[in-house]
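Structure, as structure tokens:
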Amino acid sequence: GPEIAEEIRRLISARFDEEWSLTRLQHHFGVSAFRLCRLFRRVTGSSIHEYLVSVRLRASLERTEPRGVDLASVAMDLGFASHSHFTLAFRRSFGVPPSAWRSEVLSADF
């Protein structure tokens with residue numbers, strides 16, 4: 001149980017830019033998608049999808065910092081379906097869209 005959840009976390013963290021469908025995970029582990037979802041939530045407290053999005057969003061913080069970096073490219077590189085999907089997920093997690101966050105970081109005095 002817990003070892004499968006940990007292995008899912010390791011896989012997603014190392015290769016978060018890949019598509020991690022339940023079907024792919026089910027084939028990889030030889031365990032039903034339903035069981036994987038239940039195990040993962042029991043061990044981590046979140047769904048596999050929520051975990052994947054959170055890993056991608058944490059990675060996006062570094063990638064959106066430089067001025068001139070195209071946010072749509074960042075979104076696609078991280079595996080988001082679209083720029084708008086990325087922006088929505090970013091705003092949900094951090095309270096501001098990525099463009100506003102970048103402006104804050106670039107204008108901050110460290």
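Nothing fancy with the numbering, it's 1 onward along the sequence.
Separation of atoms CG (Leu52) and CD (Glu50) is listed at 11.0 Å; rounding is to 0.5 Å. If you take CG on Leu11 and CG on Leu25, they are separated by 7.5 Å, rounding to the nearest 0.5 Å. Here the straight-line distance linking atom OG1 of Thr44 with atom CD of Glu6 works out to 9.0 Å at 0.5 Å rounding. One distance of note links CD1 of Ile8 with OG of Ser13; it measures 11.5 Å at 0.5 Å rounding. The distance from atom CG of Leu78 to atom CZ of Arg58, rounded to the nearest 0.5 Å, is 12.0 Å.
Glu18 approaches Arg56 most closely through the heavy-atom pair O-NH2, 2.8 Å. When all heavy atoms of Val53 and Ala89 are compared, the pair lying nearest together is CG1-CB, 4.1 Å. In terms of heavy atoms, Leu39 sits closest to Ala5 at O-CB, 4.4 Å. Between Ser47 and Arg41, the shortest heavy-atom contact is CB-NH2, 3.3 Å. Between Arg24 and Glu19, the shortest heavy-atom distance links the atoms NH1-O, 2.8 Å. Here the shortest heavy-atom pairing between Phe86 and Pro98 reads CE2-CG, 3.6 Å.
Within the structure, every pair that satisfies the side-chain hydrogen bond (donor to acceptor under 3.5 Å, both in side chains) test and touches residues 69-87, not counting sequence neighbours, is listed here: Asp70-Ser73, Ser82-Ser84. Residue pairs meeting the ring-ring contact (aromatic ring centres under 6.0 Å, His included) criterion with at least one member in residues 11-49, sequence neighbours excluded: Phe40-Tyr51.
By the 4.5 Å heavy-atom criterion applied to side chains, Ile48 and Leu22 are counted as neighbours.
Note: the hydrophobic cluster containing Val55 also contains Phe94 (ILVMFWY, side chain heavy atoms under 4.5 Å, direct or indirect links). There is a path of hydrophobic side-chain contacts, each under 4.5 Å, that joins Val96 to Leu57.
A 6.0 Å sphere centred on CZ of Arg35 holds no more than 12 heavy atoms belonging to other residues, nucleotides or ligands.
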